[in-house]
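The first residue of the sequence shown is numbered 1, and numbering continues consecutively from there. The structure presented is a predicted model; accordingly, all values stated were derived computationally and were not measured.
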Amino acid sequence: MAAINAQGQASRNLGNTYSSISDSSFESWKRINDMNNAGHSKSINNGIWERTTISSPNTGQRYYVEGQNNYYWMNQNNEYLGTDNSLYNPNTDNAINNQQWSQYNIEN
């Protein structure tokens, strides 16, 4: 009886070992898949669709915006302005004077 029990325990241990190996392999696959997805998403959004990822300096909230500008500003209505002029500040622009704009960071 002890021999049968020992053989059963050995089978369970072997099954647990294979299960752990399988779980580890699956977790590795998920990490690699997530890295590939992130790379593909970035190349499609930033390259093909000509979008830029910007983030709020206060909250870290990220947005995809159209264009490939060097500077982005966003107001409280989630409207954004993109410009390549480092000296431009929409808060001093009389054409859009009644709004508060915050400069957002560009993520690469």
Side-chain angles (χ1 to χ4, degrees):
M1 188 68 158
I4 294 173
N5 191 17
Q7 186 179 8
Q9 186 61 42
S11 293
R12 282 190 294 280
N13 289 343
L14 185 61
N16 289 339
T17 299
Y18 283 130
S19 178
S20 294
I21 292 170
S22 179
D23 289 345
S24 176
S25 177
F26 179 64
E27 290 300 320
S28 294
W29 174 84
K30 285 194 325 185
R31 281 192 302 276
I32 291 168
N33 192 44
D34 289 344
M35 287 187 324
N36 284 334
N37 285 345
H40 292 167
S41 176
K42 185 175 181 178
S43 64
I44 289 171
N45 281 323
N46 294 354
I48 296 172
W49 295 110
E50 295 183 353
R51 293 183 181 152
T52 300
T53 305
I54 61 172
S55 64
S56 168
N58 300 326
T59 65
Q61 175 86 27
R62 298 172 69 198
Y63 301 91
Y64 285 116
V65 295
E66 292 182 13
Q68 300 286 318
N69 295 304
N70 292 324
Y71 304 95
Y72 285 91
W73 296 80
M74 189 173 287
N75 66 13
Q76 63 273 12
N77 299 326
N78 291 331
E79 298 170 327
Y80 66 91
L81 292 173
T83 182
D84 289 329
N85 184 350
S86 63
L87 302 176
Y88 178 73
N89 184 341
N91 292 310
T92 60
D93 189 343
N94 289 332
I96 51 176
N97 196 11
N98 295 327
Q99 299 178 31
Q100 181 65 34
W101 295 85
S102 299
Q103 189 169 10
Y104 274 51
N105 301 320
I106 295 177
E107 296 187 2
N108 292 330

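With hydrogens and angles left out, the side-chain atoms of Asn13 and Gln9 include a donor and acceptor closer than 3.5 Å.
Ile96 CD1 to Asn75 CG: the interatomic distance, rounded to the nearest 0.5 Å, is 8.5 Å. The structure places NZ of Lys30 at 13.0 Å from CG of Asn37, a figure rounded to the nearest 0.5 Å. For the atom pair Trp73 CH2 and Asn91 CG, the distance stands at 6.0 Å (nearest 0.5 Å).
Under a 3.5 Å cut-off, the side chain of Thr59 and the backbone N or O of Ser56 do not form any donor-acceptor pair. For Ser22 (side chain) and Tyr18 (main-chain N/O), no donor-acceptor pair under 3.5 Å exists by modelled atom type. Judged purely by atom type and a 3.5 angstrom limit, Ser11 uses its side chain to pair as donor or acceptor with the backbone of Gln7. Between the side chain of Asn85 and the backbone N or O of Leu87 there is at least one donor-acceptor pair closer than 3.5 Å.
Across Ile54 and Met74, no two heavy atoms sit closer than the pair CD1-CE, 4.0 Å. Considering every non-hydrogen atom in both Arg51 and Tyr64, the closest pair reads CD-CB, 4.3 Å. A pairwise comparison of heavy atoms in Asn5 and Arg12 identifies OD1-NH2, 4.1 Å as the closest pair. For the residue pair Gln103 and Tyr71, the shortest heavy atom distance occurs at NE2-CD2, 3.4 Å. For Thr52 against Gly67, the heavy-atom pair with the smallest separation is OG1-O, 2.6 Å. Here the closest heavy-atom approach between residue Tyr80 and residue Tyr72 is recorded as CD1-CD2, 4.0 Å.
Connection of Ile21 to Leu14 is established within a shared hydrophobic cluster, with ILVMFWY side chains joined at heavy-atom distances below 4.5 Å, either directly or through further cluster members. Hydrophobic clustering (side-chain heavy atoms under 4.5 Å, transitive across Ile, Leu, Val, Met, Phe, Trp, Tyr) keeps Leu81 apart from Val65.
Between Arg62 and Ser55 the shortest side-chain heavy-atom distance falls below 4.5 Å. Residues Tyr63 and Tyr104 are in side-chain contact: their nearest non-hydrogen atoms beyond the backbone lie under 4.5 Å apart.
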Stepwise side-chain contact (heavy atoms from CB on, under 4.5 Å) check, Asn69 with Asp84: CA-CA 5 Å; Asn69 295 304; Asp84 289 329; 3.7 Å; yes

